[in-house]
Every structure is written in C-alpha cells, then in structure tokens.
Amino acid sequence: MTSRVLYLFGSAAPPVFDVANVIRDAQARGFDVCLGLTPTANRWLGEQLPALAELTGHPVRSEYKLPGEPDVWPKADVIAFAPATFNTINAWALGITRNFVVGVVAEGIGKGIPMVAMPCVNAAYVQHRQFERSVGELWEMGVRVLYGEGGFVPNQPGQGKPSEYPWHLVLDEAERVVGPAA
C-alpha cells in the first residue's frame, strides 16, 4: 500500500490530548502522518512528544526550521488542522504566521495543498464577529472547514466534551480529498 502524506496539525484545545489515537487511525487508513503543533499544544503534550515522534516516524514540529536546514518531513498530500482554536482560525484567515503550523497552512493555500480544518471553540467565542468572517475566508480560499452541522458544533463555555470531538470527520474528509490509498 502506498502511503499518502498527512500533515496533522493541532492547537491547544483539550481534544489534542487524544492525538496519538488519531494518528493510529490515520495510519490504519494508509496515511504517513507528520505531526505539527502550535507552541502551546506542544507544551501541553511535552512528555508525550518522544512517543508521538516514534509513532509517526517523524519529528514532531512546532517551530520553523533555520534557513539552510533540510526539511525533515516528506511533502504533504493533504493537511488536516484539528483541533483549530479561535486564535488559530483567525490567525490563519488573516495571514498572521507567527507560529510554524499557521505559516505552513497559510502558505499551503498558495501551493494548492488540499486542507481540512475543524475548529474547537465554545459558543462564546463564536459570537465574536471575526470568527465567522475567518471561517468564511478560509472556505473562500478552498479550505474545507468542518464547522456547524456535519462538523464541530460549539458547546457552551465550560461544557466541552473532548472525548466526543468528532476526529473521524477530519480523517474522513482528508481521505475524500486525496482518494483511497493505492
């Protein structure tokens, strides 16, 4: 079976703690997974990072490489960004590339890399007008944003259920985008 390369990116929201299971599921679907994290998500998963790197066979990245350093990951066939926080969705849509994973997806739009994103935000955050604008901007740029019916539905503040985050929807859409493994 030929692997398709999935860049799996995550922000600091509670579902990120289940990323090892998501990686295994993606691998069972024939994906070669490279894990990238926002700096805060990287800190949250700090003790798990060596095991996650071993699981994927690639270094976990949260920082830009230095000029002249070789890329340590194969080229992506698809990028899945989940969980994507309020800050991440807005920074991505606005082109604010302060952190590595947002920089990769912002550039990925111009490179034509298929991308899927699923937010993880509460109902208070989505009341901020910029969030809906950002989701709309990402859609217009070709990002498949799994939000609302058929995707992530925001919970009330403090009432999140990380174990119910619909990770399978992100992987299902990534598979649809790149087709079945050969």
Side-chain angles (χ1 to χ4, degrees), residues 6-23 25-26 33 35-49 52 60-64 78-110 113-177:
L6 168 69
Y7 287 7
L8 178 61
F9 290 171
S11 301
V16 80
F17 287 109
D18 198 32
V19 76
N21 289 327
V22 178
I23 291 167
D25 186 4
V33 181
L35 179 62
L37 301 167
T38 62
T40 303
N42 190 71
R43 192 174 79 242
W44 284 13
L45 296 177
E47 292 182 11
Q48 298 175 44
L49 296 176
L52 292 168
V60 176
R61 295 191 58 197
S62 64
E63 295 181 6
Y64 287 104
V78 62
I79 300 174
F81 209 135
T85 60
F86 176 81
N87 185 60
T88 294
I89 292 288
N90 288 324
W92 184 2
L94 294 169
I96 300 169
T97 60
R98 191 171 296 133
N99 69 56
F100 166 70
V101 289
V102 174
V104 171
V105 292
E107 184 179 32
I109 290 169
I113 301 169
M115 286 181 267
V116 179
M118 190 162 60
C120 184
V121 295
N122 69 41
Y125 276 121
V126 301
Q127 297 306 308
H128 192 291
R129 291 186 298 179
Q130 186 57 49
F131 184 76
E132 290 291 336
R133 285 187 211 127
S134 294
V135 168
E137 286 290 321
L138 292 173
W139 266 108
E140 286 182 27
M141 290 185 271
V143 179
R144 291 161 175 82
V145 183
L146 306 178
Y147 171 65
E149 190 163 331
F152 178 78
V153 177
N155 52 276
Q156 291 303 311
Q159 296 178 13
K161 297 178 181 146
S163 64
E164 295 177 18
Y165 187 72
W167 282 107
H168 67 283
L169 297 176
V170 174
L171 296 179
D172 291 348
E173 188 62 23
E175 279 189 305
R176 268 193 285 283
V177 168

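Between the CZ atom of Phe131 and the OH atom of Tyr147 there is a distance of 5.0 Å, given to the nearest 0.5 Å. Atom OG of residue Ser163 and atom CG of residue Asp18 lie 8.5 Å apart, to the nearest 0.5 angstrom. The distance from atom OG1 of Thr40 to atom CG of Leu45, rounded to the nearest 0.5 Å, is 11.0 Å. Atom CG of residue Asn99 and atom CG of residue Asn42 lie 10.5 Å apart, to the nearest 0.5 angstrom. With rounding to the nearest 0.5 Å, the separation of CG in Asn87 from OG1 in Thr38 is 8.5 Å.
Enclosure of atom CD in Gln130 by more than 12 non-hydrogen atoms of other residues, nucleotides or ligands within 6.0 angstrom is indicated. Under a cut-off of 6.0 angstrom, the local environment of CD in Glu63 is sparse, with at most 12 non-hydrogen atoms contributed by other residues, nucleotides or ligands.
With a 4.5 Å cut-off on side-chain heavy atoms, Ile96 and Val102 do not count as touching. In this structure, the side chains of Leu6 and Leu171 come closer than 4.5 Å at one or more pairs of heavy atoms. At a threshold of 4.5 Å between non-hydrogen side-chain atoms, the residues Asp25 and Trp167 do not count as touching. Within the 4.5 Å cutoff, no side-chain heavy atoms of Tyr125 are placed close to those of Asn90.
Below 30°, between 30° and 60°, or above 60°: for Phe86 and His128 the angle between ring planes is above 60°, a perpendicular geometry.
The closest donor-acceptor contact from the side chain of Ser11 to the backbone of Pro83 lies under 3.5 Å.
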